[in-house]
Amino acid sequence: MRILLSGATGFIGRSLLVTLSQEDHQIYALVRNKSQTLDSRVEQVYVNDLKNIDVAFDVFINLAGEGIANKPWSKKRKQELFDSRVTLTNSIKNALQYPPKTLISMSAVGFYGKATYATFYEDTTPESGFAHDLCAAWEDAANGFSSQQTRVVIYRLGVVLGKGGALEKMRLPFKLGLGGPIAGGNQWFPWVHIDDVVRAICHAMQDETFDGAYNMVAPQYIEQKNFARSYARSLKRPVLLPTPKWLLAMMLGEMSSLLTEGAKIVPQRLEERGFEFKFDNVDDALTNIAQSYS
């Protein structure tokens with residue numbers, strides 16, 4: 001296939017490229033700056049280069065986006081998050097000479113907004129909040145590609161667990177025995193292993209009956225305190241230090257809701273399609289990731 005990939009140097013992009021490079025695909029990585037870390041077989045292009053490509057891509061995989069938890073949500077940071085997702089997606093659409101045959105775009109369970117105890121299926125009405133507004137705008141930009149020529153698939157990601165990403169940021173505190181329940185730990189913790197994210201993307205590439213939005217979370221529902229215990233066990237460390245909600249609110253402001261709020265997210269549409277998760281138990285997932293460091 002002829003594939004256009006944004007976010008190729010990010011956490012998911014790097015893992016996806018390992019799988020895609022094993023096949024005879026022609027891959028174009030959309031970059032802001034040329035990277036020395038990408039395989040030489042991957043052609044690196046800028047947005048403005050797209051207008052010079054006079055053939056349609058079979059697949060555009062849209063992974064780009066500034067890390068939502070990397071910095072507090074100042075007004076400037078919110079605009080950066082918006083531009084790196086929504087504005088970029090629209091710019092790519094406008095730059096392409098021909099619409100891609102398939103668009104696979106990421107979103108997040110933040111689409112469902114701030115909710116601690118609610119349960120969300122793909123068609124459940126979301127709550128309000130910045131995370132919802134951002135994800136909804138991103139999904140609208142992706143759905144702008146939808147036509148008779150373009151099939152659109154959107155994955156609403158939970159916390160993606162793997163060697164890197166969010167888990168990498170948690171690793172040092174937990175290694176020091178400082179990890180523990182956050183804000184009581186009773187909020188839901190929707191998660192998914194990176195291998196299952198890559199598998200789901202590849203499924204959507206090949207199976208033309210995939211379309212619309214899917215909750216990309218493991219079918220095991222756990223609370224944040226249970227995740228903390230499991231992660232500590234995988235690192236052979238104790239769970240010692242709970243983090244109160246007021247402290248996170250003081251440190252992180254509005255962004256603290258990413259840690260203190262968590263809804264129950266059901267991967268209904270993937271389960272209906274018979275998608276089999278390689279990792280459907282968080283203990284197995286975290287043990288697998290811990291072994292990747294040895």
Side-chain angles (χ1 to χ4, degrees), residues 1 3-23 25 27-33 35 37-39 41-42 44-45 57-70 80-81 84-86 88-89 92 100 102-111 131 134-135 138-139 141-142 152-171 189-207 210 213-218 258 265 267 270 275 277-280 282 285-286 288-289 292-293:
M1 291 184 173
I3 300 170
L4 176 64
L5 175 62
S6 69
T9 60
F11 173 45
I12 297 174
R14 294 194 306 271
S15 296
L16 180 61
L17 277 175
V18 171
T19 297
L20 294 181
S21 63
Q22 297 171 7
E23 306 289 341
H25 298 303
I27 302 172
Y28 295 76
L30 192 69
V31 297
R32 284 181 296 182
N33 301 292
S35 171
T37 64
L38 291 176
D39 191 300
R41 292 171 294 178
V42 175
Q44 300 184 49
V45 295
F57 287 100
D58 295 297
V59 185
F60 166 32
I61 304 171
N62 192 21
L63 304 177
E66 293 283 340
I68 194 165
N70 286 1
E80 290 170 349
L81 293 170
S84 66
R85 289 164 170 77
V86 183
L88 178 61
T89 300
I92 294 168
T102 298
L103 166 62
I104 303 171
S105 190
M106 299 303 105
S107 181
V109 295
F111 174 85
L134 177 64
C135 290
W138 198 11
E139 292 189 18
V152 175
V153 178
I154 295 171
Y155 284 128
R156 294 171 181 161
L157 298 169
V159 179
V160 182
L161 303 180
K163 188 176 181 180
L167 208 58
E168 190 72 30
K169 297 174 184 176
M170 303 179 206
R171 184 174 173 81
F189 187 86
W191 64 277
V192 63
H193 193 289
I194 183 66
D195 287 1
D196 285 319
V197 175
V198 170
R199 289 176 60 248
I201 291 171
C202 292
H203 270 278
M205 286 173 54
Q206 302 291 342
D207 187 342
F210 265 75
Y214 295 83
N215 289 336
M216 188 67 245
V217 296
L258 293 176
I265 310 296
L270 281 174
F275 180 83
F277 287 83
K278 182 179 178 182
F279 293 97
D280 58 4
V282 75
L286 292 170
N288 169 265
I289 295 162
S292 71
Y293 282 88

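In this chain, residues are counted from 1 in sequence order.
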With sequence neighbours left out, what residues match A8 under side-chain contact (heavy atoms from CB on, under 4.5 Å)? L5, L17, A29, L38
As an exercise, state the distance from CD of E168 to CZ of F11, rounded to the nearest 0.5 Å. 9.0 Å
Contact summary for V192 and M216, nearest pair of heavy atoms: CG1-O, 3.5 Å
Identify the two heavy atoms, one from I154 and one from S107, that lie closest to each other, and give their separation to 0.1 Å. CG2-CB, 3.7 Å
Residues which pass side-chain hydrogen bond (donor to acceptor under 3.5 Å, both in side chains) with N62, listed by chain and number, not counting sequence neighbours: S6, T89, S105
Spacing of OG1 belonging to T9 relative to CD belonging to Q44, to within rounding of 0.5 Å: 8.5 Å
Among residues at least two apart in sequence or on other chains, which ones pass side-chain contact (heavy atoms from CB on, under 4.5 Å) with P190? V109, V217, I265
Could you report the tightest heavy-atom contact between M1 and H25, atom names first, then the distance? N-ND1, 3.0 Å
Enter the distance from L270:CG to H203:NE2 here, rounded to the nearest 0.5 Å. 9.5 Å
Please find the pair of heavy atoms, one from D195 and one from F279, that lie closest to each other, and give the distance. OD2-CE1, 3.8 Å
Separation of M205 CE from T102 OG1 (nearest 0.5 Å): 9.0 Å
If you count the non-hydrogen atoms of other residues, nucleotides and ligands that lie under 6.0 Å from NZ in K278, is the total more than 12? no
Shortest non-hydrogen contact from A204 to Y155? CB-OH, 3.6 Å
Does the distance from a Lys or Arg side-chain N to an Asp or Glu carboxylate O, for R41 and E23, drop under 4.0 Å? no
Kindly indicate, with the supporting measurements, whether the criterion side-chain contact (heavy atoms from CB on, under 4.5 Å) is fulfilled by V282 and W191. CA-CA 8 Å; V282 75; W191 64 277; 3.8 Å; yes
Residues passing the side-chain hydrogen bond (donor to acceptor under 3.5 Å, both in side chains) test with R156, sequence neighbours excluded, are Y112, E139
Can you confirm whether K169 sits close enough to N70 that some side-chain heavy atom of one is under 4.5 Å from a side-chain heavy atom of the other? yes
Rounded to the nearest 0.5 Å, the CD1 atom of I68 sits from the CG atom of L134 at a distance of 5.5 Å
Mind checking whether F275 and F277 have parallel, tilted or perpendicular rings, split at 30° and 60°? perpendicular
If you look at every heavy atom in A142 and L103, which pair is closest and at what distance? O-CD2, 3.4 Å
Taking side-chain hydrogen bond (donor to acceptor under 3.5 Å, both in side chains) as the definition, give me every residue that meets it alongside D58, ordered by chain and number, with sequence neighbours left out. K101
Are any non-hydrogen side-chain atoms of I92 and L30 less than 4.5 angstrom apart? yes
F111 vs W138 side-chain heavy atoms within contact, under 4.5 Å: no
Let me confirm one number: the CG-CG distance from N288 to L161, rounded to the nearest 0.5 Å. 10.5 Å
Side-chain touch I12/L157, heavy atoms, less than 4.5 angstrom: yes
Is any side-chain heavy atom of L20 closer than 4.5 Å to one of V198? no
Check whether any side-chain heavy atom of I104 sits under 4.5 Å from a side-chain heavy atom of F60, and report yes or no. no
Is there a side-chain contact between C202 and T19 (heavy atoms, below 4.5 Å)? yes
Flag side-chain contact, heavy atom, 4.5 Å: I61 against L63: yes
Sorted by chain and number, sequence neighbours left out, side-chain hydrogen bond (donor to acceptor under 3.5 Å, both in side chains) with S292 holds for none
